[in-house]
Amino acid sequence: MKHYLGVDIGTFETKGVIVSSTGEIVAQASRAHRMQVPQPGWAEHDAEHDWWGDFVHVTRKMLAESRIDPATVAAIGASGIGPCMLPVDDQGTPLMNAVLYGVDTRAAQEIDDLTRQIGADVILARCGNALTSQAVGPKILWLKRHRPEVFAKTHKILNSSSFLVHRLTGRFTIDHYSAGNFSPFYLVDRQGWSDELAPGILRMDMLPELMWTTDIAGHVTAKAAAETGLAEGTPVIAGTIDAAAEAVSVGVLNAGDLMLMYGSTIFIILITPERVRDGRLWYAPWLFPGQHGSMAGLSTSGTLTHWFRENFAKELAAETAVIELTKEAQSSPPGAKGLVLLPYFSGERTPIHDTKAKGVLFGLDLTHTRADMFRAVLEGIAHGTRHVFETYAQAGQAPRTIYAVGGGTKNRVWSEATSDISGLAQVLRQKTIGASYGDAFLAALALGDVTAADLDRWNPVASSIAPKPEVKAMYDRQHALFRGLYPATKGFL
(Lines give C-alpha, C1' and ligand atoms only; values in the text may rest on other atoms or scores of the structure.)
Protein backbone atom coordinates (compact mmCIF):
# COMPACT_ATOMS: atom_id res chain seq x y z
CA MET A 1 0.00 0.00 0.00
CA LYS A 2 1.14 3.53 -0.75
CA HIS A 3 1.42 6.16 1.97
CA TYR A 4 1.64 9.94 1.87
CA LEU A 5 3.49 12.12 4.38
CA GLY A 6 2.27 15.58 5.34
CA VAL A 7 4.02 17.94 7.75
CA ASP A 8 2.87 21.42 8.73
CA ILE A 9 4.78 24.10 10.66
CA GLY A 10 2.40 26.10 12.87
CA THR A 11 2.90 29.17 15.01
CA PHE A 12 3.26 27.15 18.21
CA GLU A 13 3.41 23.55 17.03
CA THR A 14 4.50 21.31 14.17
CA LYS A 15 2.15 18.49 13.18
CA GLY A 16 2.81 15.50 10.98
CA VAL A 17 0.65 12.73 9.56
CA ILE A 18 1.11 9.63 7.46
CA VAL A 19 -1.98 8.73 5.47
CA SER A 20 -2.86 5.60 3.51
CA SER A 21 -4.11 5.59 -0.07
CA THR A 22 -7.68 5.40 1.28
CA GLY A 23 -7.26 8.47 3.49
CA GLU A 24 -6.86 6.61 6.77
CA ILE A 25 -4.44 8.09 9.29
CA VAL A 26 -1.61 5.65 9.89
CA ALA A 27 0.47 7.81 12.21
CA GLN A 28 0.45 11.27 13.79
CA ALA A 29 3.05 13.25 15.69
CA SER A 30 3.52 16.78 16.94
CA ARG A 31 6.14 18.92 18.59
CA ALA A 32 5.68 22.26 20.33
CA HIS A 33 7.84 25.31 19.77
CA ARG A 34 7.51 28.94 20.74
CA MET A 35 7.03 32.18 18.90
CA GLN A 36 9.77 34.58 19.89
CA VAL A 37 8.75 38.20 20.53
CA PRO A 38 12.07 40.05 21.01
CA GLN A 39 10.26 43.39 21.15
CA PRO A 40 6.69 44.65 20.74
CA GLY A 41 5.40 44.17 17.20
CA TRP A 42 7.99 41.52 16.29
CA ALA A 43 7.33 37.80 15.87
CA GLU A 44 10.01 35.25 14.95
CA HIS A 45 10.89 31.58 14.67
CA ASP A 46 14.24 29.81 14.78
CA ALA A 47 13.98 28.06 11.40
CA GLU A 48 16.77 25.60 12.08
CA HIS A 49 15.20 24.37 15.32
CA ASP A 50 11.49 25.12 14.93
CA TRP A 51 11.09 24.21 11.25
CA TRP A 52 13.67 21.67 10.17
CA GLY A 53 14.29 20.27 13.65
CA ASP A 54 10.56 19.71 14.10
CA PHE A 55 10.20 18.15 10.65
CA VAL A 56 12.93 15.62 11.43
CA HIS A 57 11.49 14.88 14.88
CA VAL A 58 7.89 14.24 13.83
CA THR A 59 8.88 12.30 10.70
CA ARG A 60 11.20 9.96 12.57
CA LYS A 61 8.63 9.48 15.32
CA MET A 62 5.86 8.58 12.86
CA LEU A 63 8.03 6.16 10.90
CA ALA A 64 9.14 4.46 14.11
CA GLU A 65 5.67 4.19 15.64
CA SER A 66 3.89 3.08 12.47
CA ARG A 67 6.72 0.71 11.48
CA ILE A 68 5.91 1.25 7.82
CA ASP A 69 8.62 0.82 5.24
CA PRO A 70 9.80 4.34 4.28
CA ALA A 71 9.86 3.15 0.67
CA THR A 72 6.04 2.98 0.76
CA VAL A 73 5.88 6.77 1.28
CA ALA A 74 5.00 7.69 -2.30
CA ALA A 75 5.22 11.48 -1.92
CA ILE A 76 5.76 14.22 0.64
CA GLY A 77 3.87 17.48 1.13
CA ALA A 78 4.98 20.26 3.47
CA SER A 79 3.28 23.47 4.49
CA GLY A 80 3.92 26.15 7.06
CA ILE A 81 2.94 29.47 8.50
CA GLY A 82 3.12 32.27 6.06
CA PRO A 83 3.90 34.50 4.52
CA CYS A 84 7.28 34.57 6.28
CA MET A 85 10.62 36.12 5.41
CA LEU A 86 13.76 34.04 5.93
CA PRO A 87 17.10 35.05 4.41
CA VAL A 88 19.47 32.13 3.75
CA ASP A 89 22.95 31.74 2.29
CA ASP A 90 23.82 29.69 -0.80
CA GLN A 91 23.76 26.50 1.28
CA GLY A 92 20.28 27.27 2.58
CA THR A 93 21.55 28.11 6.07
CA PRO A 94 19.39 30.69 7.89
CA LEU A 95 21.15 34.01 8.44
CA MET A 96 18.74 35.17 11.17
CA ASN A 97 15.45 34.17 12.73
CA ALA A 98 12.49 33.97 10.36
CA VAL A 99 10.25 37.05 10.38
CA LEU A 100 6.69 35.79 10.67
CA TYR A 101 3.49 36.69 8.86
CA GLY A 102 1.12 39.60 9.56
CA VAL A 103 1.51 39.42 13.34
CA ASP A 104 5.01 40.87 12.83
CA THR A 105 4.51 44.57 12.25
CA ARG A 106 8.14 45.77 12.20
CA ALA A 107 7.96 47.01 8.60
CA ALA A 108 5.26 49.66 9.12
CA GLN A 109 7.55 52.43 7.84
CA GLU A 110 8.53 50.39 4.78
CA ILE A 111 4.85 49.73 4.04
CA ASP A 112 4.17 53.47 4.10
CA ASP A 113 7.23 54.29 2.02
CA LEU A 114 6.53 51.71 -0.70
CA THR A 115 2.83 52.60 -0.84
CA ARG A 116 3.65 56.28 -1.27
CA GLN A 117 6.38 55.54 -3.83
CA ILE A 118 4.35 53.12 -5.99
CA GLY A 119 0.80 54.26 -5.32
CA ALA A 120 -1.91 52.30 -3.54
CA ASP A 121 -4.04 51.93 -6.66
CA VAL A 122 -1.12 50.60 -8.69
CA ILE A 123 -0.18 48.10 -5.97
CA LEU A 124 -3.74 46.80 -5.72
CA ALA A 125 -4.10 46.53 -9.51
CA ARG A 126 -0.73 44.85 -10.20
CA CYS A 127 -0.17 42.84 -6.99
CA GLY A 128 -3.75 42.07 -5.99
CA ASN A 129 -3.19 43.30 -2.44
CA ALA A 130 -2.63 46.50 -0.58
CA LEU A 131 0.69 46.51 1.24
CA THR A 132 0.07 45.50 4.85
CA SER A 133 1.94 43.70 7.61
CA GLN A 134 1.07 40.49 5.74
CA ALA A 135 3.24 41.45 2.76
CA VAL A 136 6.80 40.09 2.49
CA GLY A 137 8.15 42.85 0.24
CA PRO A 138 8.27 45.57 2.93
CA LYS A 139 9.98 43.12 5.29
CA ILE A 140 12.67 42.51 2.67
CA LEU A 141 13.16 46.28 2.47
CA TRP A 142 13.32 46.38 6.29
CA LEU A 143 16.03 43.70 6.14
CA LYS A 144 18.07 45.74 3.66
CA ARG A 145 17.73 48.93 5.71
CA HIS A 146 18.19 47.56 9.22
CA ARG A 147 20.29 44.40 8.77
CA PRO A 148 22.56 45.34 5.84
CA GLU A 149 25.22 42.84 6.90
CA VAL A 150 22.65 40.02 6.72
CA PHE A 151 21.21 41.26 3.45
CA ALA A 152 24.69 41.33 1.89
CA LYS A 153 25.09 37.61 2.64
CA THR A 154 21.60 36.64 1.48
CA HIS A 155 21.37 34.21 -1.44
CA LYS A 156 17.62 33.57 -1.31
CA ILE A 157 14.56 34.77 0.57
CA LEU A 158 12.44 31.78 1.61
CA ASN A 159 9.25 31.09 3.51
CA SER A 160 8.57 28.15 5.83
CA SER A 161 7.48 25.56 3.25
CA SER A 162 10.20 26.50 0.75
CA PHE A 163 12.80 26.14 3.51
CA LEU A 164 11.61 22.59 4.21
CA VAL A 165 11.55 21.75 0.50
CA HIS A 166 15.13 22.97 0.17
CA ARG A 167 16.27 20.88 3.12
CA LEU A 168 14.61 17.83 1.58
CA THR A 169 15.59 18.31 -2.06
CA GLY A 170 18.33 20.94 -2.30
CA ARG A 171 16.14 23.12 -4.54
CA PHE A 172 14.95 26.67 -3.87
CA THR A 173 11.27 26.76 -4.89
CA ILE A 174 8.02 28.42 -3.85
CA ASP A 175 4.41 27.96 -4.93
CA HIS A 176 2.43 30.72 -6.64
CA TYR A 177 -0.05 31.02 -3.78
CA SER A 178 2.75 31.77 -1.31
CA ALA A 179 4.52 34.04 -3.79
CA GLY A 180 1.36 36.10 -4.14
CA ASN A 181 2.12 37.46 -0.67
CA PHE A 182 5.53 38.81 -1.74
CA SER A 183 4.07 42.12 -2.93
CA PRO A 184 5.31 44.26 -4.62
CA PHE A 185 7.64 41.70 -6.24
CA TYR A 186 5.00 39.23 -7.49
CA LEU A 187 2.70 40.60 -10.19
CA VAL A 188 -0.60 38.75 -10.38
CA ASP A 189 -1.29 39.87 -13.94
CA ARG A 190 1.91 38.10 -15.03
CA GLN A 191 1.98 35.42 -12.32
CA GLY A 192 5.70 36.00 -12.00
CA TRP A 193 8.47 37.88 -10.20
CA SER A 194 9.24 41.45 -11.22
CA ASP A 195 11.04 44.48 -9.77
CA GLU A 196 9.13 46.80 -12.08
CA LEU A 197 7.23 48.44 -9.20
CA ALA A 198 10.14 48.62 -6.75
CA PRO A 199 13.47 48.54 -8.58
CA GLY A 200 16.79 48.48 -6.80
CA ILE A 201 15.73 46.68 -3.63
CA LEU A 202 16.84 43.14 -4.49
CA ARG A 203 17.76 41.03 -7.48
CA MET A 204 14.94 38.82 -8.71
CA ASP A 205 17.23 35.78 -8.62
CA MET A 206 17.19 36.14 -4.83
CA LEU A 207 13.62 34.84 -4.94
CA PRO A 208 12.86 31.11 -5.32
CA GLU A 209 11.75 29.34 -8.51
CA LEU A 210 7.97 29.55 -8.99
CA MET A 211 5.86 26.39 -9.14
CA TRP A 212 2.27 25.32 -8.62
CA THR A 213 1.56 23.60 -5.33
CA THR A 214 1.35 20.04 -6.65
CA ASP A 215 4.35 20.32 -8.96
CA ILE A 216 7.17 17.97 -7.96
CA ALA A 217 9.88 20.30 -6.62
CA GLY A 218 12.48 17.57 -6.29
CA HIS A 219 13.33 14.34 -4.54
CA VAL A 220 14.69 13.51 -1.09
CA THR A 221 18.49 13.71 -1.12
CA ALA A 222 20.80 11.21 0.52
CA LYS A 223 21.61 13.75 3.25
CA ALA A 224 17.92 14.45 3.97
CA ALA A 225 17.16 10.73 3.95
CA ALA A 226 19.85 10.12 6.55
CA GLU A 227 18.45 12.86 8.79
CA THR A 228 14.76 12.06 8.48
CA GLY A 229 14.62 8.29 7.91
CA LEU A 230 12.77 8.80 4.62
CA ALA A 231 13.77 6.93 1.49
CA GLU A 232 16.17 8.69 -0.83
CA GLY A 233 14.47 9.71 -4.08
CA THR A 234 10.98 10.17 -2.60
CA PRO A 235 9.10 12.92 -4.54
CA VAL A 236 8.49 16.21 -2.71
CA ILE A 237 5.80 18.62 -3.90
CA ALA A 238 6.28 22.39 -3.90
CA GLY A 239 3.86 22.71 -0.98
CA THR A 240 2.17 25.86 0.22
CA ILE A 241 1.17 28.03 3.17
CA ASP A 242 -0.52 26.16 6.02
CA ALA A 243 -3.92 27.80 5.63
CA ALA A 244 -4.22 26.72 2.00
CA ALA A 245 -3.35 23.11 2.85
CA GLU A 246 -5.86 23.26 5.68
CA ALA A 247 -8.53 24.50 3.28
CA VAL A 248 -7.89 21.54 1.01
CA SER A 249 -8.11 19.17 3.98
CA VAL A 250 -11.76 20.11 4.57
CA GLY A 251 -12.88 20.26 0.96
CA VAL A 252 -12.53 23.91 -0.05
CA LEU A 253 -12.34 23.14 -3.75
CA ASN A 254 -15.00 25.14 -5.61
CA ALA A 255 -16.06 28.77 -6.03
CA GLY A 256 -18.09 29.87 -3.00
CA ASP A 257 -16.38 27.44 -0.62
CA LEU A 258 -14.84 29.17 2.38
CA MET A 259 -12.44 27.83 4.99
CA LEU A 260 -12.62 29.31 8.48
CA MET A 261 -9.46 28.25 10.31
CA TYR A 262 -9.56 28.57 14.08
CA GLY A 263 -5.93 28.76 15.15
CA SER A 264 -3.40 31.11 16.69
CA THR A 265 -4.96 33.58 14.31
CA ILE A 266 -8.24 33.32 12.45
CA PHE A 267 -7.47 32.79 8.79
CA ILE A 268 -10.05 32.68 6.03
CA ILE A 269 -9.85 31.56 2.42
CA LEU A 270 -12.67 31.96 -0.07
CA ILE A 271 -12.42 30.43 -3.54
CA THR A 272 -13.87 32.83 -6.08
CA PRO A 273 -14.75 32.52 -9.77
CA GLU A 274 -12.77 35.65 -10.56
CA ARG A 275 -10.17 37.86 -8.92
CA VAL A 276 -11.54 39.96 -6.06
CA ARG A 277 -10.24 43.53 -6.26
CA ASP A 278 -10.75 44.92 -2.78
CA GLY A 279 -7.95 46.47 -0.73
CA ARG A 280 -9.49 45.25 2.54
CA LEU A 281 -8.89 41.63 1.50
CA TRP A 282 -5.87 39.71 0.24
CA TYR A 283 -5.64 38.05 -3.14
CA ALA A 284 -3.44 35.31 -4.56
CA PRO A 285 -3.71 32.83 -7.39
CA TRP A 286 -5.02 29.63 -5.85
CA LEU A 287 -3.09 26.36 -5.72
CA PHE A 288 -3.92 25.35 -9.27
CA PRO A 289 -3.86 27.31 -12.54
CA GLY A 290 -7.06 29.22 -13.30
CA GLN A 291 -8.39 29.39 -9.74
CA HIS A 292 -8.54 32.43 -7.43
CA GLY A 293 -8.25 32.86 -3.68
CA SER A 294 -9.53 35.73 -1.58
CA MET A 295 -8.07 35.71 1.91
CA ALA A 296 -8.57 37.44 5.24
CA GLY A 297 -7.12 37.07 8.71
CA LEU A 298 -7.33 38.40 12.24
CA SER A 299 -4.10 39.17 14.08
CA THR A 300 -4.87 37.61 17.46
CA SER A 301 -7.27 34.73 18.02
CA GLY A 302 -5.98 31.56 19.67
CA THR A 303 -3.00 33.68 20.68
CA LEU A 304 -5.41 35.82 22.68
CA THR A 305 -6.68 32.81 24.61
CA HIS A 306 -3.03 31.96 25.44
CA TRP A 307 -2.50 35.51 26.67
CA PHE A 308 -5.64 35.37 28.84
CA ARG A 309 -4.63 32.04 30.34
CA GLU A 310 -1.10 33.20 31.15
CA ASN A 311 -2.25 36.39 32.83
CA PHE A 312 -5.58 35.56 34.47
CA ALA A 313 -5.54 31.80 35.07
CA LYS A 314 -2.06 31.11 36.39
CA GLU A 315 -3.41 28.66 38.94
CA LEU A 316 -4.70 26.36 36.18
CA ALA A 317 -2.49 23.70 34.60
CA ALA A 318 -1.25 24.96 31.23
CA GLU A 319 -2.36 21.77 29.44
CA THR A 320 -6.00 22.11 30.52
CA ALA A 321 -6.37 25.81 31.29
CA VAL A 322 -8.25 26.79 28.14
CA ILE A 323 -10.63 23.83 28.62
CA GLU A 324 -11.34 24.95 32.20
CA LEU A 325 -11.76 28.57 31.15
CA THR A 326 -14.19 27.53 28.43
CA LYS A 327 -16.25 25.61 31.00
CA GLU A 328 -16.36 28.79 33.07
CA ALA A 329 -17.39 30.78 29.99
CA GLN A 330 -20.35 28.45 29.49
CA SER A 331 -21.73 29.76 32.80
CA SER A 332 -21.77 33.26 31.34
CA PRO A 333 -24.78 34.01 29.11
CA PRO A 334 -24.44 34.80 25.39
CA GLY A 335 -23.31 38.40 25.17
CA ALA A 336 -21.12 38.05 28.29
CA LYS A 337 -23.41 40.31 30.33
CA GLY A 338 -22.86 43.19 27.95
CA LEU A 339 -19.08 42.97 27.56
CA VAL A 340 -17.65 43.65 24.10
CA LEU A 341 -14.01 43.06 23.23
CA LEU A 342 -11.92 44.41 20.37
CA PRO A 343 -9.34 41.65 19.75
CA TYR A 344 -6.74 44.04 18.32
CA PHE A 345 -3.96 43.04 20.73
CA SER A 346 -1.33 42.94 17.95
CA GLY A 347 -2.93 45.55 15.75
CA GLU A 348 -5.38 44.14 13.23
CA ARG A 349 -5.14 42.71 9.75
CA THR A 350 -8.33 42.42 7.67
CA PRO A 351 -10.41 44.35 7.10
CA ILE A 352 -9.05 47.45 8.89
CA HIS A 353 -5.29 46.88 8.32
CA ASP A 354 -4.15 49.00 11.23
CA THR A 355 -0.89 47.95 12.89
CA LYS A 356 -1.52 50.50 15.66
CA ALA A 357 -5.04 49.31 16.58
CA LYS A 358 -5.38 48.37 20.24
CA GLY A 359 -7.42 45.86 22.18
CA VAL A 360 -10.42 47.11 24.16
CA LEU A 361 -12.65 45.40 26.75
CA PHE A 362 -15.71 47.60 27.04
CA GLY A 363 -18.61 47.53 29.48
CA LEU A 364 -17.01 46.25 32.68
CA ASP A 365 -18.73 46.66 36.04
CA LEU A 366 -18.33 45.04 39.47
CA THR A 367 -20.65 42.15 38.63
CA HIS A 368 -18.42 40.77 35.87
CA THR A 369 -16.31 37.67 36.47
CA ARG A 370 -13.43 35.91 34.80
CA ALA A 371 -16.01 33.71 33.07
CA ASP A 372 -17.66 36.76 31.51
CA MET A 373 -14.34 38.18 30.39
CA PHE A 374 -13.20 34.93 28.77
CA ARG A 375 -16.54 34.61 26.96
CA ALA A 376 -16.06 38.19 25.79
CA VAL A 377 -12.64 37.24 24.43
CA LEU A 378 -14.13 34.40 22.37
CA GLU A 379 -17.08 36.51 21.24
CA GLY A 380 -14.80 39.40 20.35
CA ILE A 381 -12.91 37.11 17.95
CA ALA A 382 -16.28 36.02 16.54
CA HIS A 383 -17.31 39.65 15.98
CA GLY A 384 -14.05 40.21 14.13
CA THR A 385 -14.85 37.18 11.99
CA ARG A 386 -18.32 38.53 11.19
CA HIS A 387 -16.69 41.81 10.13
CA VAL A 388 -14.69 39.84 7.55
CA PHE A 389 -17.80 38.00 6.30
CA GLU A 390 -19.53 41.35 5.88
CA THR A 391 -16.57 42.60 3.87
CA TYR A 392 -16.83 39.63 1.49
CA ALA A 393 -20.54 40.34 1.01
CA GLN A 394 -19.80 44.00 0.26
CA ALA A 395 -17.24 42.85 -2.34
CA GLY A 396 -19.96 40.78 -4.03
CA GLN A 397 -18.57 37.41 -2.92
CA ALA A 398 -20.70 36.21 -0.01
CA PRO A 399 -19.63 32.66 0.90
CA ARG A 400 -21.83 29.73 -0.08
CA THR A 401 -20.50 27.07 2.30
CA ILE A 402 -18.28 27.62 5.35
CA TYR A 403 -15.99 24.76 6.34
CA ALA A 404 -14.56 25.14 9.84
CA VAL A 405 -11.24 23.63 10.81
CA GLY A 406 -8.51 23.93 13.41
CA GLY A 407 -8.12 23.47 17.14
CA GLY A 408 -10.72 26.11 17.94
CA THR A 409 -13.50 23.96 16.47
CA LYS A 410 -13.25 21.89 19.66
CA ASN A 411 -14.17 24.98 21.68
CA ARG A 412 -17.97 24.99 21.47
CA VAL A 413 -18.37 28.43 23.02
CA TRP A 414 -16.09 29.96 20.38
CA SER A 415 -17.46 28.06 17.37
CA GLU A 416 -21.12 28.46 18.35
CA ALA A 417 -20.61 32.16 19.04
CA THR A 418 -19.14 32.53 15.54
CA SER A 419 -22.29 31.12 13.92
CA ASP A 420 -24.62 32.96 16.31
CA ILE A 421 -22.90 36.32 15.78
CA SER A 422 -22.46 35.98 12.01
CA GLY A 423 -25.79 34.28 11.35
CA LEU A 424 -24.02 31.71 9.16
CA ALA A 425 -23.80 27.93 9.51
CA GLN A 426 -20.51 26.04 9.60
CA VAL A 427 -19.74 22.55 8.30
CA LEU A 428 -17.26 20.29 10.08
CA ARG A 429 -15.50 17.31 8.55
CA GLN A 430 -14.70 14.09 10.39
CA LYS A 431 -10.98 14.82 10.39
CA THR A 432 -10.05 18.29 11.61
CA ILE A 433 -6.35 17.75 12.20
CA GLY A 434 -5.60 20.45 9.68
CA ALA A 435 -2.93 21.35 7.17
CA SER A 436 -0.77 18.23 7.53
CA TYR A 437 -3.70 16.12 6.33
CA GLY A 438 -4.20 18.50 3.40
CA ASP A 439 -0.49 18.19 2.63
CA ALA A 440 -0.85 14.42 2.39
CA PHE A 441 -3.87 14.77 0.08
CA LEU A 442 -2.00 17.23 -2.14
CA ALA A 443 0.93 14.82 -2.32
CA ALA A 444 -1.43 12.06 -3.48
CA LEU A 445 -3.04 14.48 -5.93
CA ALA A 446 0.37 15.35 -7.38
CA LEU A 447 0.96 11.73 -8.31
CA GLY A 448 -2.51 11.31 -9.83
CA ASP A 449 -3.42 8.76 -7.16
CA VAL A 450 -6.54 10.76 -6.20
CA THR A 451 -8.77 13.42 -7.75
CA ALA A 452 -10.43 16.39 -6.05
CA ALA A 453 -13.65 14.40 -5.78
CA ASP A 454 -11.89 11.85 -3.57
CA LEU A 455 -11.67 14.36 -0.72
CA ASP A 456 -15.25 13.54 0.31
CA ARG A 457 -14.21 9.91 0.64
CA TRP A 458 -11.02 10.74 2.51
CA ASN A 459 -12.77 13.16 4.88
CA PRO A 460 -16.59 12.95 5.02
CA VAL A 461 -18.84 15.64 6.57
CA ALA A 462 -19.40 14.96 10.27
CA SER A 463 -21.69 17.73 11.56
CA SER A 464 -22.72 21.36 11.26
CA ILE A 465 -23.25 24.35 13.55
CA ALA A 466 -26.36 26.42 12.88
CA PRO A 467 -26.97 29.93 14.26
CA LYS A 468 -29.55 30.22 17.04
CA PRO A 469 -32.26 32.70 16.00
CA GLU A 470 -33.16 33.63 19.58
CA VAL A 471 -29.83 35.45 20.14
CA LYS A 472 -29.68 37.20 16.77
CA ALA A 473 -31.14 40.55 17.86
CA MET A 474 -28.91 40.77 20.94
CA TYR A 475 -25.77 39.94 18.97
CA ASP A 476 -26.73 42.38 16.21
CA ARG A 477 -26.85 45.16 18.82
CA GLN A 478 -23.50 44.11 20.22
CA HIS A 479 -21.98 43.92 16.76
CA ALA A 480 -23.02 47.51 16.09
CA LEU A 481 -21.19 48.43 19.31
CA PHE A 482 -18.18 46.35 18.21
CA ARG A 483 -18.04 48.17 14.87
CA GLY A 484 -18.32 51.54 16.62
CA LEU A 485 -15.62 50.98 19.23
CA TYR A 486 -12.68 51.04 16.84
CA PRO A 487 -13.37 54.43 15.21
CA ALA A 488 -14.42 55.82 18.60
CA THR A 489 -11.13 54.86 20.30
CA LYS A 490 -8.70 55.19 17.37
CA GLY A 491 -8.18 58.90 17.98
CA PHE A 492 -6.85 58.32 21.50
CA LEU A 493 -3.76 56.41 20.30
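To the nearest 0.5 angstrom, S21 atom OG is 11.5 Å from L447 atom CG. Interatomic distance, CG of D50 versus OG1 of T14, reported as 7.5 Å (0.5 Å rounding). The distance from atom CZ of R349 to atom CG of L298, rounded to the nearest 0.5 Å, is 7.5 Å. Here CD1 of I381 is found 8.0 Å from OG1 of T418. Values are rounded to the nearest 0.5 Å.
If you check the side chains of Q394 and R280, you find a donor sitting under 3.5 Å from an acceptor. At a cut-off of 3.5 Å, with distance as the only test, no side-chain donor of Q134 or N181 sits close to an acceptor on the other residue. Side-chain contact check for S419 and Q426: at least one donor-acceptor pair (N or O, by modelled atom type) lies under 3.5 Å. At a cut-off of 3.5 Å, with distance as the only test, a side-chain donor of Y101 or T11 sits close to an acceptor on the other residue. For the residue pair S178 / D175, a side-chain donor-acceptor distance below 3.5 Å is found, with atom types taken as modelled. Neither side chain, E348 nor Y486, offers a donor N or O lying under 3.5 Å from an acceptor on the other.
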- request: Would you sort out whether E246 and Y437 count as a side-chain hydrogen bond (donor to acceptor under 3.5 Å, both in side chains), showing the intermediate values?
  value: CA-CA 7 Å; E246 195 142 15; Y437 192 78; over 6 Å; no
- request: List the steps, then state whether side-chain hydrogen bond (donor to acceptor under 3.5 Å, both in side chains) holds for Q36 with D46.
  value: CA-CA 8 Å; Q36 299 180 37; D46 178 342; 5.1 Å; no
field: Intermediate values then yes/no, ring pair (Phe, Tyr, Trp, His ring centres under 6.0 Å), H33 and H45
entry: CA-CA 9 Å; H33 51 247; H45 272 173; 4.7 Å; yes
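A donor-acceptor pair under 3.5 Å is formed between the side chain of S20 and the backbone N or O of E24. A donor-acceptor pair under 3.5 Å links the side-chain atoms of K139 to the main chain of D104, judged by distance alone. Counting only distance, with no hydrogens or angles, the side chain of R386 and the backbone of I421 share a donor-acceptor pair below 3.5 Å. In this structure a side-chain-to-backbone donor-acceptor pair under 3.5 Å is missing from S162 to L158. In terms of modelled atom types and a separation under 3.5 Å, the side chain of K431 and the main chain of W458 share a donor-acceptor contact. Distance alone, capped at 3.5 Å, places no donor-acceptor pair between the T59 side chain and the V56 backbone. Remark: side-chain polar atoms of S161 are not paired, donor with acceptor, to backbone N or O of S79 under 3.5 angstrom. Between the T173 side chain and the A217 main chain, no donor and acceptor come within less than 3.5 Å of each other. A side-chain donor-acceptor contact under 3.5 Å links Q478 to the backbone of G335.
Here the side chains of D242 and I9 are not in contact, with every heavy-atom distance at 4.5 Å or above. Within the 4.5 Å cutoff, the side chain of W52 has heavy atoms near those of the T228 side chain. Contact annotation: the side chain of V340 approaches that of L485 to within less than 4.5 Å [non-hydrogen atoms, C-beta and beyond]. Residues T401 and V427 are in side-chain contact: their nearest non-hydrogen atoms beyond the backbone lie under 4.5 Å apart. At least one side-chain heavy atom of Q28 sits less than 4.5 Å from a side-chain heavy atom of I433. Side-chain atoms of L316 and T320, non-hydrogen and from C-beta on, never get closer than 4.5 Å to each other.
Across all their heavy atoms, A466 and D420 have their closest contact at O-OD1, 4.2 Å. A pairwise comparison of heavy atoms in V413 and L378 identifies CG1-CD1, 3.7 Å as the closest pair.
For residues 398-429, the set of pairs meeting the ring pair (Phe, Tyr, Trp, His ring centres under 6.0 Å) definition, not counting sequence neighbours, comprises Y262-W414.
Taking the charged nitrogens against the carboxylate oxygens, D8 and K15 have no contact shorter than 4.0 Å, which rules out a salt bridge. At a threshold of 4.0 Å, the pair R375-D372 does not count as salt-bridged, since none of the basic side-chain nitrogens sits closer than that to a carboxylate oxygen.
Among F345, F312, F12, the one residue that satisfies the ring pair (Phe, Tyr, Trp, His ring centres under 6.0 Å) test with H306 is F12. With D54 as the partner, the salt bridge (charged side-chain N to carboxylate O under 4.0 Å, His left out) test is satisfied by one option alone out of R34, K61, R31, R60: R31.
For the pair R275 and Y283, the cation sits on the ring face: its NZ or CZ lies under 6.0 Å from the ring centre, inside 45° of the axis.
Ring-centre distance between F441 and Y4: not below the 6.0 Å cut-off.
Between F482 and H479, the ring planes are parallel. Angles under 30° get that label, and only those over 60° would be called perpendicular.
Partners of H368 according to the ring-ring contact (aromatic ring centres under 6.0 Å, His included) rule, which considers only residues two or more places apart in sequence or in another chain, do not exist here. Looking at residues two or more places apart in sequence or on another chain, you find a side chain to side chain contact (heavy atoms under 4.5 Å, CB included) between H176 and Y186, Q191, L210, W212, P285.
More than 12 heavy atoms of other residues, nucleotides or ligands lie within 6.0 Å of NZ in K468, so this atom counts as buried by the packing criterion.
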